[in-house]
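A short worksheet on the structure shown next.
Numbers for residues simply follow the sequence, beginning at 1. Here the structure is a predicted model, which is why all the values come from computation and not from measurement. Hydrogens, waters and symmetry mates are skipped; everything else that's a heavy atom, side chains included, is used.
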Amino acid sequence: MCIHNQTGVVQLIFAKQALTSTGWVENLRLTLSQGRISSLGTGETAQDGDTQVDVLLPALANLHSHSFQRAMAGMTEYRKAGKDSFWTWRDLMYRFTKQLSPEQIEAIAALVFMEMQEAGYASVGEFHYLHHQPDGTPYDDLGELSGRIAAAASDTGIGLTHLPVLYSYGGAGQVPLESGQARFGNSLDRFNSLVERARDVVGALPDDCQVGIAPHSLRATCPADLAAVLQVHSVGPVHIHIAEQPKEVADISEWLGARPVEWLLQNADVSQNWCLIHATHMTPTETQDMARSKAVAGLCPITEANLGDGPFNGPTYLEHGGRFGVGSDSNVLISLTEELRTLEYSQRLRDVARNVMVVGEGSIGETLYCGAARGGAQALHRGGGEIAVGELADLVAIDSRDTALCALQSHQLLDGLCFAARDRVVTDLWSAGRHSVKAGRHVQRDRIVANYRSAMASLMSAL
């Protein structure tokens, strides 16, 4: 069963309050048609047949997800002798991926996408690097696992930007792939074929769904292959992991003679269609140059904290006009509100200060929420990330009567949402007009959860 056929239905929504592209308004009535906002009227009254909500906001894009990792949440929080790090976590993740079947991958992705929508995300950038069978042999259909991701998107109604990953080497300097990376690996030619097959399967989804590319990282490709793949796929989103870990920075610097962000900005045409995931370890000069490139910084604060990556340099980046969005990455916890507050709190802990992620004066919640809405929409090529005529109907409704929000005025609601509320305040969500969450629950929740539990029972019996 899928719900994507709701896209073409004309829908009417009445909101007591809404944050539009021109600011806060009251008694807003919207018309949705063909997945977009076709009209807005303020000072209106609700009519029979309207979907009535309390507060309406532009819904965020989750710009970075590895959906399969959701199923290993809680399995890597045991400290062994020695120092745990990102690299020891990665070894455990590799062992886990060897056990996953196509059916399990689809069931996990459907659960993840549903949980994202219930948390307030209307779309997802699925950074997809599970391509092959556990020993690295391609499936008869090269796009078998991309098809599973597309099926999960169809099942849940989420907006999908599918990002097949080019992963050719096991480390900086064209080190051969390890056995745990066999499912990821592709030559350049096979990757190009995979992208074309992914376009076929995603082409069956609604028009807001699309395919980009994701060179995994500088350490998993090489300069010649990166240049070649960018030439072949010259249009659409380009996402890449960059400067997540100090070891990665050191390895790339030794190999290429420059730090990862520095090298990329000097050797690729990094601009608005790029999203640099993490960009955690940058010098002030790199931070300024990245901000000026108009690329989006893809920040994943919960995962970055879970893996011990370190904090992003937010103040300098914002001061130079940098664009950002948020993603749930490893999906150890899917929570939009927690993602935004963790971003700000990471800055406070580093700087021993309060209210850091804003230029000059202003609301931190508004800077976080609206900045992530615009940046996420840009990174996934979904339009403006705001409520305006002509934009995709990526919308989320929240309940300001919740105890976390009921004492706040309109201009304080985003501060309350980011710092005091839980995701339970989400009542409704539309992904390009597909009304997937109603009364706080996804319309297919029971079936999707049952499928996930069945898939996990078979997985655990194999481990």
Side-chain angles (χ1 to χ4, degrees), residues 1-9 11 32 35-36 57-70 105-128 145-164 198 201-212 237 239 298 325-329 331 334-336 339 372-373 376-377 379-383 385 391-397 423 426-438 440-449 451-452:
M1 176 181 283
C2 65
I3 59 175
H4 69 64
N5 60 358
Q6 295 181 28
T7 298
V9 177
Q11 300 178 68
L32 311 185
R36 295 187 176 271
L57 302 170
L60 267 62
N62 185 324
L63 55 63
H64 188 66
S65 164
H66 311 297
S67 59
F68 74 90
Q69 292 178 13
R70 171 68 176 84
I105 289 167
E106 180 179 339
I108 296 166
L111 180 88
V112 167
F113 296 165
M114 179 201 74
E115 291 182 331
M116 288 177 183
Q117 290 172 299
E118 289 185 342
Y121 293 110
S123 58
V124 60
E126 182 64 14
F127 198 100
H128 177 70
L145 298 186
S146 286
R148 297 292 180 164
I149 299 301
S154 178
D155 208 16
T156 58
I158 201 167
L160 174 67
T161 296
H162 187 55
L163 299 161
V201 297
V202 174
L205 299 179
D207 290 344
D208 62 291
C209 299
Q210 61 196 292
V211 174
H239 289 218
V326 295
S328 55
D329 196 350
N331 296 298
I334 299 171
S335 171
L336 186 154
E339 212 73 68
L380 300 193
H381 285 211
R382 292 186 68 81
E391 298 293 349
L392 277 177
D394 285 353
L395 304 168
V396 62
D423 295 324
V426 172
T427 61
D428 294 80
L429 181 121
W430 291 261
S431 298
R434 298 179 292 275
H435 194 180
S436 303
V437 175
K438 302 178 181 181
R441 284 175 56 90
H442 194 280
V443 296
Q444 300 294 338
R445 163 171 268 281
D446 291 343
R447 181 179 56 78
I448 290 170
V449 169
N451 288 345
Y452 175 78

Practice item. Measure the CD1-CG distance between Ile108 and Asn451 for me, rounded to the nearest 0.5 Å. Key: 12.0 Å
Check your understanding: Would you say the side chain of Trp430 lies within less than 4.5 Å of the side chain of Gln11, judging by non-hydrogen atoms?
Key -> yes
Practice item. Going by the side-chain contact (heavy atoms from CB on, under 4.5 Å) test, name the single residue among Leu111, Ile448, Val443, Val437 that passes it with Thr156. Key: Ile448
Check your understanding: Taking His239 for the side chain and Ala379 for the main chain, is one N or O donor matched with an acceptor at less than 3.5 Å?
Key -> yes
Check your understanding: Can you tell me if Glu126 uses its side chain to pair, donor with acceptor, with the backbone of Ile149 under 3.5 Å?
Key -> no
**Study point:** For Ile158 against Cys209, the heavy-atom pair lying closest together
**Key:** O-SG, 4.2 Å
Review point. Between Ser123 (side chain) and Gly159 (backbone), is there a donor-acceptor pair under 3.5 Å?
Key: no
Review point. If you look at every heavy atom in Ala119 and Val426, which pair is closest and at what distance?
Key: O-CG2, 3.8 Å
Revision key, fill the gap. The reported gap from CG in Asp208 to CG in Asp394 (rounded to nearest 0.5 angstrom) is 7.0 Å
Practice item. For residues Ala59 and Ala122, report the shortest heavy-atom separation together with the two atoms involved. Key: CB-CB, 3.6 Å
Review point. Would you say the side-chain atoms of Glu118 pair up with the backbone N or O of Asp423, donor to acceptor, closer than 3.5 Å?
Key: no
Practice item. Examine distances only and state if a side-chain atom of His66 and a backbone atom of Phe127 form a donor-acceptor pair shorter than 3.5 Å. Key: yes
Exercise for review: Using modelled atom types only, decide if a donor and an acceptor are shared between the side chain of Arg70 and the backbone of Val112 within a distance under 3.5 Å.
Suggested key: no
Check your understanding: Can you tell me how far CZ of Arg441 sits from CG of Asp446, rounded to the nearest 0.5 angstrom?
Key -> 4.5 Å
Review point. For the atom pair CD1 (Ile334) and CD (Gln117), what is the distance rounded to the nearest 0.5 Å?
Key: 11.0 Å
Review point. For the residue pair Leu60 and Ala372, what are the closest heavy atoms and their distance?
Key: CD2-CB, 3.6 Å
Point to revise | Polar contact flag, side-chain donor to acceptor under 3.5 angstrom, Glu339-Ser328 | key: no
Point to revise | Under 3.5 Å side-chain donor-acceptor pair for Ser67 and Asn331 | key: no
Point to revise | Contact summary for Val211 and Pro164, nearest pair of heavy atoms | key: CG1-CD, 3.8 Å
Check your understanding: How far apart are the closest heavy atoms of Tyr121 and Leu336, and which atoms are they?
Key -> OH-CA, 3.5 Å
